[in-house]
Amino acid sequence: MAQLLETWLNSEVELSKKVTNFEEDFSNGYLLGELLYKFNQQPDFDCFKDRHTRNYVLSNFTHMIDVFKSLGVKFDTNIINGIIKKENGAAIKLLYQLKMALEKTSPPTDVTLLKKGKLNEQPPVKSIRPERPQFDEMEKKNTVTRLQKMNRAQKEVDLDKKMDRFAQFQIKSEKRAQQDKINEAAREIKLKDEKRKALINKLQRNAGFMEDWEQKGVQDWNYNMEIKKNRENMELTYKLKQFQHAKDVADTMYTKEVNEEINGINEFEAKTMKEHGISTKPYKATQTMAQTVSYFRGSTPATITTQERDIKRRTMAARLNQLEVSEEVNYRQDLALKKLDILSNIEEDIANEIWKVTHYTELMVAHRKLRETRYERRREYDSEIAQLKERKMLERWIDNMWIEVELEEARAHRLEIDLQVEQRNEKGKDMENMIELLLGITEEVYAFQQNKNSEELDKRYWNEWVHLFKDGSNVIVGNNEALNIRELDDYILGKGQWNYNISVFNYKFSDALLKLIDWKFDSEVDNKGSLLPCPPIKLAMIGYPYSGKSTHAGRLRTRYNIDIIEVKDIIAKASIDILLEGKTLRDEDIVNLIVEKIMISNEAGWILVDFPTNSSQAKLLEEALTNFKDPIEKEKSQKEINIEKVLKIAPLECKPPENKDLYKSGLDYLIWLWADKRECLRRSFGRRIDPKTNLLYHIEDDVPTLNESPLVENLQPDDKINEHRGAIVDRMIALDRHTHELTEWLWQFGKDQKSILVNIDTNKPIMESGVEIEELVEELIQKRRELDEKLQREEEERKKQEDAVALEAQEALDRKRESAEMLKEDQRETALFEEPYQDKTFPVVQEKPDGLWEFWEVMQDIYVAALLQVFELERYQRTDSTQHLKQIQEEFLEFLYRPCEKQDLLNKFQMDFNQFSDENPDMREDQATIAELHQRTEDLCNQIWDIIEKRQLEAEEELKDIKNCGWLEGQSDLIMRQVQAILQSEYQRYGASIQVLTDYYATLEKRKLPKCEIPQIDLVLEGLNPSETIDKLCDRIAQTPPYVPAAEEEKEVKDPKAKKPAPKGKKEEEKIEKTEIQLEMEATIKKEHEILLYRVDRAKNWGKSRIKELEQETTKIYQRMEKWIYSAILAENKAVDEISNIIRNSIEKQIKIQPLLELKTLDAIIHENIITFETVPPPIIPPKEPISPTKISMPQLRSIVEEFLQYPLLINVNVLANIIFRRKKLSALLDNVDSLPEKWRLRSYGEIIGLVNTYDNEQRGFLKWTSFLSYLMQEAQNSQIEEISQLIKQKASNDILEAWEKELTSKKQLS
């Protein structure tokens, strides 16, 4: 294929430069542009430059992108980059495809003639592929951008290399700054803890003062309340007396008035009515109506003469008029008879003429019918022709429509692939973050195993790493606050390192705290509802463009009289004003405009079209409709925060059930119309509009009639500016991009476990999908009707209940009046036996205790802060102890490997030994000398062993110092202080919980708040043994008796109805039974004491186990270090023995010790590469090749091959002859590797040209220099083919190597 393309380019096309190497010649794109210009495809060839700089090369290839696209030849960034990088075969493949495409256009044009003006420029041949300007321009920009990135400038590459060093320095600086920030935060936390302790002490002092002050205030308040109650009783008595007096006066007046009225009536009936003869019975009318009317009726006049006279006058006038009319009729009849007699002769002539006219008229009518029949046939023919044209045009439109649909569908497929790639990349980033977290855990595990020198993992560390991994935090950086909170949960629930027996919880105490929170935050109100109207139908409809949203919305508006809110219309109206103000239309602005439309919408309901299309829009719309906010994004109220705090330290018996009900939405349904992209594109590209009538048609679904020609011809595509057909696919992909997040948001809304999201398949006909939507609307209307009926029934029941309550209130008022009267009578009876005034004590009635929650909140924060501080200190101590143990091991190993004078002694001995051998070589054979050398070796070993023994004693002393440094005792003291802090926190919590419980149950019983006294315990560390000290601390708390609520002495309250008290001796002791609330309080307080003892026991076991664990680990480390000492001593002794054997062997063999001997701390090393003296080898005489006057030597042949390798495989004949001729001239001046033998010096330039042309078999002016090299190999003295082949393999390209191998193969076959 390469030979074919080379012949086509050099012989047929005839480029300005002869093509010899495709990769080299076409790497800058100039010859490609010239090739396209010769075929009239590259009109801007003047912009091409034959240079190899980066800018010119990229410019040449950029100009050719559009041309290759129009020819249908693949020309992407990978192909262009391969040609620029001179990849093998890249240019040949492109040229072959280009040759196939160009042969379909026209023969090439000679560029030289065209530039000289001898040929006129021809326009470019018509492109094979139809143009798509917008798409091609975008693709071209992407290609150019990728080329710029793949072929970066050398300055940018060098700059990146230089900047990499600064970037690494920046990363190190950031890490250092982060570490400084962590240290600073730790110092701040420590300072805050100290301040917090001081503040707690101050609060405790203030709390004691406030308690005394509150007790005094309670006593004063009780006294004032007693006085107030007496005053109210006196006022009530006075009001009752006033009311009774007013009632008596009213009853007297009423009785008097009634008697007066009755007497008056009786007197009127007895006297007045009987005097006038009127019956006292009910009155009945005795006269008729006629009689009554006749009494008032008068007489009428007898006759009226004027009317009769008028009637006679009108009768006479009518008769005269009739006579005149009859005379006129008779006259006309006579006149008509006379005219008929005159015209009788003319009628015969007229009848004849009429017959003639009638006959001719029939002939004309028949002729007219014949012509109309012909015209009708002609019109039918023209109509058929017009319909045929319309049908052909309609079919052509349908074909074009499907072509456009397929093109857009292919574009949609590519965009879907890009979307999938983007989503895959996002998932890949998430996986990268997860892998980084896993790698962080791996590094921590490796570091822990290295520090511990063991493969076992501590479960505490592993649980912390897993928790950080779940939270998404980096294990290396860590998150102390999150770990402290998790450790607090484990401590409360008895998990992890706090797992001891079965955990004990006081669920009644948790309920009491939650009740206190309810009392404290009972006025906290949730989000208010929306003020928008609530019609029966609230719908939203979304889907792909042309999926039927507007059609179905219009059907619903026609049937149910609801308003349509088109978002595109809102945006079109609002965007102009917003853009004029220089702003952008945000989602918040669109939602505000929708709300304005809803406020003025119809009472029947509304439907929102094409909104929302993503989750952010859905959230904004839901917030506008119902004030609903995402629970994740919503800020927690103070009540919820306090509940979480309480449940952390006082868990409930069972977790509250999660809210699995769906949220109520401001939308009744969100209808998602699902249609295939292909179907939507078909509906879009098939729409046509009549510009005269503005009626819409579809060339497949709603076909325009063919009888109204030229209707089809006048139709135009319905391509609106705001709904451009080219953007349909982009809108579809935009909706696909947000489909997942939008459906996840919508699935959490609904009613009766039914989501508001409803999917409707609109690939079906409109009527079928419309029935499903109408069923949803009918369901909404039915539900609204049932709701209204239910509300009406509830309203009626509420009115009935109010009437019943009012009746009960009236009855209670009546009973109160009766009791007041009875009380008044009792007071009158007991007035004679009134006792003197005594001080009365009434129980304090308090529905909600003041300050009780605030007291517990402060104590709770103190308790949690103290535990978190202990957990952080424990984790720091655990990590620090591991690091310390590792550090002392490393320092001890460094101490074991410390330098000493052993190597100096060995070096001096080796130097003296070799020097003695050089100075006295004859004495080495003497036995006395050999014995002396063995003795000196023994002395050297004794000196080194003394040093080793001294090092052993120093190592044992160092280990003893490490054991006695007091580090283990300090760590044990820290653990004891941690246990002490836990015990103090638990005992303070116990006291606070007892105070809260007693006050809480006293409030429930509505009695005076008792005084709670918890004995104080001094938790001071005493003793030297850590375990015994911890036992003492725990025993002090365990021996404290549980709190028992004191029985309150009830003071008697004098009852006015009670009799005098009996004498003291005769009073019987009554047994007081405890209420359910008191029993529950005692059980709850007892449970709190059990929790205290359980946690004290757990803290004791934890502290002892930590101390024991630390002691075991430290002992294990010390034993390991002791083993290291003896292992090191043993290894040093073995090393000395090995060195001694080497020296003794040299002594016995009577040789010097040439390699350097090194005695390290634990090993003996023989450096063969480092010698103490050098043995000079004999000189090597280089071989010399004899000089021949006819044969070429191997150095000369190698020099010729190296010069040939600088040229491509195909070389010009003249160039090859010039190389040989130049070497011939140099031979006359010099005699080196660049010269030639004497036989070649005698040849002329013509003879050299003739010799070279003999290898140009095709007479093209070019030949492969490998063929000529095989001839020179025959002229060489020693034809070493392997040496020349090895040289070509090292420095030649693949094509030259293949040609050389073929040449060798053919040479072997000929031989």
Side-chain angles (χ1 to χ4, degrees), residues 146 149-150 152 156-157 159-186 188-189 417-490 495-497 615-616 630 632-633 737-738 740-741 744 868 871-872 874-883 885-887 890:
R146 289 191 62 191
K149 292 180 179 179
M150 296 172 71
R152 298 173 60 196
E156 297 178 0
V157 176
L159 182 62
D160 289 343
K161 291 181 179 179
K162 293 179 180 179
M163 292 300 293
D164 187 27
R165 182 176 59 187
F166 296 97
Q168 293 178 358
F169 177 77
Q170 181 182 3
I171 293 171
K172 293 181 180 178
S173 301
E174 289 176 354
K175 289 183 179 179
R176 193 181 302 111
Q178 184 69 20
Q179 186 62 35
D180 295 339
K181 186 176 180 181
I182 293 172
N183 296 336
E184 185 66 22
E188 290 180 0
I189 291 172
I417 294 174
D418 295 340
L419 178 60
Q420 293 174 0
V421 171
E422 183 179 349
Q423 294 174 351
R424 193 181 300 114
N425 292 336
E426 292 177 356
K427 292 181 180 178
K429 292 180 181 178
D430 296 337
M431 292 301 297
E432 288 179 1
N433 297 332
M434 188 176 296
I435 290 172
E436 288 180 0
L437 296 177
L438 292 174
L439 291 176
I441 293 177
T442 306
E443 292 177 4
E444 288 295 317
V445 170
Y446 177 76
F448 178 81
Q449 291 177 345
Q450 291 295 321
N451 294 337
K452 288 286 188 178
N453 195 15
S454 174
E455 296 182 356
E456 297 181 358
L457 285 178
D458 193 341
K459 292 183 178 180
R460 294 169 294 187
Y461 287 100
W462 179 253
N463 293 334
E464 291 175 0
W465 297 334
V466 171
H467 181 72
L468 292 174
F469 176 76
K470 291 179 179 179
D471 290 346
S473 302
N474 194 343
V475 177
I476 299 175
V477 177
N479 188 353
N480 292 332
E481 184 177 357
L483 293 176
N484 292 339
I485 294 173
R486 176 191 167 277
E487 193 69 24
L488 176 63
D489 295 339
D490 292 346
K495 297 180 180 179
Q497 62 177 336
S615 60
S616 61
D630 192 355
I632 299 175
E633 301 175 357
R737 186 184 301 275
H738 303 288
H740 180 67
E741 61 180 17
E744 281 189 350
L868 292 179
F871 299 149
E872 186 172 1
E874 185 272 335
R875 189 182 309 102
Y876 173 77
Q877 181 196 8
R878 184 163 16 103
T879 306
D880 182 67
S881 62
T882 304
Q883 295 291 338
L885 292 176
K886 178 188 175 183
Q887 182 179 0
E890 292 177 349

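None of the values given here were measured: they were computed from a predicted structure.
In this structure, the separation between CD on Glu426 and CG on Asp430 is 8.0 Å, given to the nearest 0.5 Å. A distance of 6.5 Å separates CD in Glu872 from CZ in Arg875, rounded to the nearest 0.5 Å. Taking CD from Glu174 and NZ from Lys181, the interatomic distance works out to 11.5 Å, rounded to the nearest 0.5 Å. In this structure, the separation between CD on Gln877 and OG1 on Thr882 is 10.0 Å, given to the nearest 0.5 Å. In this structure, Glu487 CD and Glu874 CD are separated by 6.0 Å, a value rounded to the nearest 0.5 Å. The CG atom of Asn425 lies 13.5 Å from the CE atom of Met431; values are rounded to the nearest 0.5 Å.
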Item to complete: Verify side-chain contact (heavy atoms from CB on, under 4.5 Å) between Gln423 and His740, making sure each step is shown before the conclusion.
Response: CA-CA 11 Å; Gln423 294 174 351; His740 180 67; over 6 Å; no

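Relative orientation of the Phe448 and Tyr461 rings is tilted, given thresholds of 30° and 60° on the angle between their planes.
At least one donor-acceptor pair closer than 3.5 Å links the side chain of Asn463 to the backbone N or O of Lys459.
A salt bridge does not link Arg460 with Glu464: every distance from a Lys NZ or Arg NE/NH1/NH2 to an Asp or Glu carboxylate oxygen is 4.0 Å or more. Between Arg486 and Asp490 there is a salt bridge, with a side-chain nitrogen of the basic residue lying less than 4.0 Å from a carboxylate oxygen of the acidic one.
Pairs passing the side-chain hydrogen bond (donor to acceptor under 3.5 Å, both in side chains) check and including a residue from residues 431-445, sequence neighbours excluded, do not occur.
Scanning both residues, His467 and Ala482, for their nearest heavy atoms gives NE2-O, 3.8 Å. Listed here is the closest heavy atom pair of Asn484 and Leu868: O-CD2, 3.3 Å.
For Val466, the side chain to side chain contact (heavy atoms under 4.5 Å, CB included) partners at least two apart in sequence or on another chain are Trp462, Lys470.
A 4.5 Å side-chain heavy-atom check between Leu483 and Phe871 finds every atom pair outside the cut-off.
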